[in-house]
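Contents: one structure, followed by commentary.
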Amino acid sequence: MWGLVRLLLAWLGGWGCMGRLAAPAQAWAGSRGGPGPVLLRNRRSWVWNQFFVIEEYAGPEPVLIGKLHSDVDRGEGRTKYLLTGEGAGTVFVIDEATGNIHVTKSLDREEKAQYVLLAQAVDRASNRPLEPPSEFIIKVQDINDNPPIFPLGPYHATVPEMSNVGTSVIQVTAHDADDPSYGNSAKLVYTVLDGLPFFSVDPQTGVVRTAVPNMDRETQEEFLVVIQAKDMGGHMGGLSGSTTVTVTLSDVNDNPPKFPQSLYQFSVVETAGPGTLVGRLRAQDPDLGDNALMAYSILDGEGSEAFSISTDSQGRDGLLAVRKTLDFETRRSYSFRVEATNTLIDPAYLRRGPFKDVASVHVAVQDAPEPPAFTQAAYHLAVPENKAPGTLVGQVSAADLDSPASPIRYSILPHSDPERCFSIEPEAGTLRTVVPLDREARVWHNLTVLATELDSSTQVSRVQVAIQILDENDNAPQLAEPYDTFVCDSAAPGQLIQIIRALDRDEVGNSSRVSLQGPLGPDANFTVRDNQDGSASLLLPSRPAPPRQAPYLIPIELWDWGQPALSSTATVTISVCRCRPDGSVASCRPEAQLSPTGLSTGALLAIITCVGTLLALVVLFAALRRQKQEALMVLEEEDVRENIITYDDEGGGEEDTEAFDISALQNPDGAAPPNPGPPARRDVLPRARAPRQPRPPGPADVAQLLALRLREADDDPSVPPYDSVQVYGYEGRGSSCGSLSSLGSCSEAGGALGPAEPLDDWGPLFRTLAELYGAKEPPAP
């Protein structure tokens, strides 16, 4: 058995890898270490080739792959062989005595293709190196143990339909993990297992191509092709792998549109307006996307006049719509042809055309109830102005097209004739005036006349009637504007003073000549010259007008040349003024001559106004200062209304009777009764001061005391109502105006008990108080 293995190793080159070891170049003693001549020789170095081991070999015992031997080894057992490096001791072991190298387990070339090791011979007793270490390689010899795989599979590809034979679809690539440099283990060949006869594959490159022409997407859109890759050059015993290629045919415009039927019939009501959809037409095209887009058109002229066709937003359907108003009584049906054409045509497939189709369309017009139809789309009538009420203007006429004998009722839309200037006869449609019309006030009257069927009040139609008021010569000419002019007293004779223009409101008068004439004779102060164009020139005569303070009033006569001719008289005012050298007016009124030279009337008025304003301000300032001084005057010492008592320390409350007289704030019963008698007048200052009422000998009821003090203040008109600050522990009762303190006011209590007496009714002495507290609060925003 070992002989067979040795022969196999020799065939693989293993035995040829054995080498021999030679001692280093040194002096060695004679045999057995005895004395003798010293022999010197050149030692031979290691001679190594590669060792080989077959992968995936699994035998019952370790496999001998080679042997190490040195020349110093005499077979005496003194030489020991050592092995170090990759896999030494685990994968590869060495017999220390013989130098045989064995592999202990199965190796995989795809995991590790070679191992690098170091071999050395040493003395067994002393471990002294007999040879320097030498490196050698053990290579794992490949066998066909890996099938081809497609790392990128499965594949998806697209190719246009109708492609020529040999059109490249996709390239597939397989990978074999075996050694491509040894044998045919990695030599791959591609074949088609499934997909014939439509596709083929190049055996060497793996390029998939079309194998048949005219593959139609509309017949079959997708193909599943199975590609196999086999090693060993495709020979028997080789390993193989396969993958799938999904081939999709992309669409091209190779199919023309086709109408599914040759005749389409539609109906539409005659009242359908322009743009109304009549129906849809669709030509079938099995292509996809842009290749199936179509455009529709009407071939016959009569159909294109009444109808239009367009393509919908998807580009597939044709939308047939009304182009103009239809009339059942005029035409009851239309017949025409419609053509559908592909918008995108590929020149490569023109032989499969033509890419269009034609279908016939019949549209029936249906009758519908219609409102009356006027004989004209609009009426233009005319009537002279100033005609008597009831004058005939014109007539409108309408008829029911569905039933010509049906009666019609006419009326005027109220808001079109708000002034009720016209009337219409309901049965005949005759228009007449209701009031006399004035062209100068309004030239055109635009009426809306309604025609309603008596049998059906919902059937109403309307028409516009424009009535023009014709002009008559009923307005006399007049001046275009009032003329009030001047002339300098130093003007030369014949100087132009003013151009006077005339106006005639009549239409005929405006287009004809209007004549103007002034005073005639030698006594005329001014000359009026007619310019023959509706205007006249006002001139200064050769004899100057006598000076006068009053302006001149020049009568002007105006007349037109209408039938009958009308005339009128107007007046032009002319003032003779004193002018400066530059021609500007210095003065035109007599009072201006009395004013000093260089100072006009306006300047004098301004000076007088300023002086008056200053005097008024001085008087007002003096009055305010005097009133302020009177307000600060000190009254009598005994008047407690103005006494302000200030305490620097806090009181002891009601029990503290030392700080102030508590009896004045109590509610005694001995208050003096009020003094009867009529109240004093508050609107005038009395001639004699009212005597002060004597005070009661002792403190009385607080309410009565307050009433007494208030009456004393009211009866004393010589002093203003000074404000005072006093603190009362008792508010009092019976006052018609409520509490004067903010502690118990009605506003704090949440509502008024009744209408308070207005402060304005208290007299002039309380005017200041009324202004301070009687003003109304502005409304909340």
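Side chains are part of it too, since the values below use all heavy atoms of this structure and drop only hydrogens, waters and symmetry mates.
- With rounding to the nearest 0.5 Å, the separation of OG1 in Thr343 from CG in Asn253 is 8.5 Å.
- Here the CD1 atom belonging to Ile309 is positioned 11.0 Å from the CZ atom belonging to Arg280, to the nearest 0.5 angstrom.
- Taken to the nearest 0.5 Å, the CD1 atom of Ile94 stands 9.5 Å off from the CG atom of Leu117.
- Crowding of His235 atom NE2: a count of heavy atoms from other residues, nucleotides or ligands under 6.0 Å not exceeding 12.
- Summarising the geometry, atom CZ belonging to Arg209 is positioned 13.0 Å from atom CD1 belonging to Ile170; distances are rounded to the nearest 0.5 Å.
- Annotation: Phe307 is in aromatic contact with Phe336 [ring centroid separation under 6.0 Å].
- The shortest side-chain heavy-atom distance between Val225 and Thr244 does not fall under the 4.5 Å cut-off.
- Pro369 meets the side-chain contact (heavy atoms from CB on, under 4.5 Å) test with Gln459; sequence neighbours excluded.
- Between the side chain of Thr210 and the main chain of Gly166, a donor-acceptor pair closer than 3.5 Å is present.
- Under the 4.0 Å criterion applied to side-chain N and carboxylate O atoms, Glu270 and Arg332 are not assigned as salt-bridge partners.
- Side-chain contact between Val91 and Val103 is present, with at least one heavy-atom pair separated by less than 4.5 Å.
- Enclosure of atom CZ in Arg462 is not indicated, since only 12 or fewer non-hydrogen atoms of other residues, nucleotides or ligands lie within 6.0 angstrom.
- Looking only at side-chain heavy atoms (C-beta outward), Phe150 and Thr173 stay at 4.5 Å or farther from each other.
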Are Asn146 and Asp178 close enough, and set up right, to give a side-chain hydrogen bond (donor to acceptor under 3.5 Å, both in side chains), and what steps lead you there?
CA-CA 6 Å; Asn146 292 281; Asp178 292 329; 2.8 Å; yes
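- Two residues are said to be in side-chain contact when any heavy atoms from C-beta on lie closer than 4.5 Å; Leu277 and Leu319 meet this criterion.
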Steps toward side-chain hydrogen bond (donor to acceptor under 3.5 Å, both in side chains) verdict (Thr246, Glu222)
CA-CA 7 Å; Thr246 303; Glu222 190 174 270; 5.6 Å; no
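- Between the side chain of Asp231 and the backbone N or O of Lys187 there is no donor-acceptor pair closer than 3.5 Å.
- Judged by distance alone, the side chain of Ser461 and the main-chain N or O of Pro372 form a donor-acceptor pair under 3.5 Å.
- A donor-acceptor contact shorter than 3.5 Å is absent between the side chain of Gln314 and the backbone of Arg316.
- Taking the side chain as every heavy atom from C-beta outward, Pro256 and Asp285 never approach each other to under 4.5 Å.
- Counting heavy atoms of neighbouring residues, nucleotides and ligands inside a 6.0 Å radius, atom NZ of Lys258 does not exceed 12 of them.
- Gln171 places a side-chain N or O within donor-acceptor distance of the main-chain N or O of Thr205, the cut-off being under 3.5 Å.
- Ring-plane geometry between Phe92 and Tyr115 is classed as perpendicular, the angle between the planes exceeding 60 degrees on a 0 to 90 degree scale with a lower cut at 30.
- Checking side-chain atoms of Asp317 against main-chain N and O of Arg282 turns up no donor-acceptor pair under 3.5 Å.
- In the displayed structure, Arg78 atom CZ is contacted under 6.0 Å by at most 12 heavy atoms of other residues, nucleotides or ligands.
- Between the side chain of Asp123 and the backbone N or O of Ser126 there is at least one donor-acceptor pair closer than 3.5 Å.
- Side chain of Gln261 to main chain of Leu263: a donor-acceptor pair is present (N/O by atom type, distance under 3.5 Å, no hydrogens or angles).
- Contact check for Tyr190 versus Val207: no side-chain heavy atoms found under the 4.5 Å cut-off.
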Go through it in stages, so that I can follow the logic: the residues are Asp251 and Asn291, the test is side-chain hydrogen bond (donor to acceptor under 3.5 Å, both in side chains), and I'd like the CA-CA distance, side-chain angles, deciding distance and then a yes or no.
CA-CA 8 Å; Asp251 184 63; Asn291 296 323; 2.9 Å; yes
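- Between Leu299 and Val338, the closest side-chain pair of non-hydrogen atoms is not below 4.5 Å.
- Between the side chain of Glu453 and the backbone N or O of Val460 there is no donor-acceptor pair closer than 3.5 Å.
- Remark: side-chain polar atoms of Asn342 are not paired, donor with acceptor, to backbone N or O of Leu344 under 3.5 angstrom.
- Residues Phe259 and Gln284 fail the side-chain proximity criterion, which asks for heavy atoms closer than 4.5 Å.
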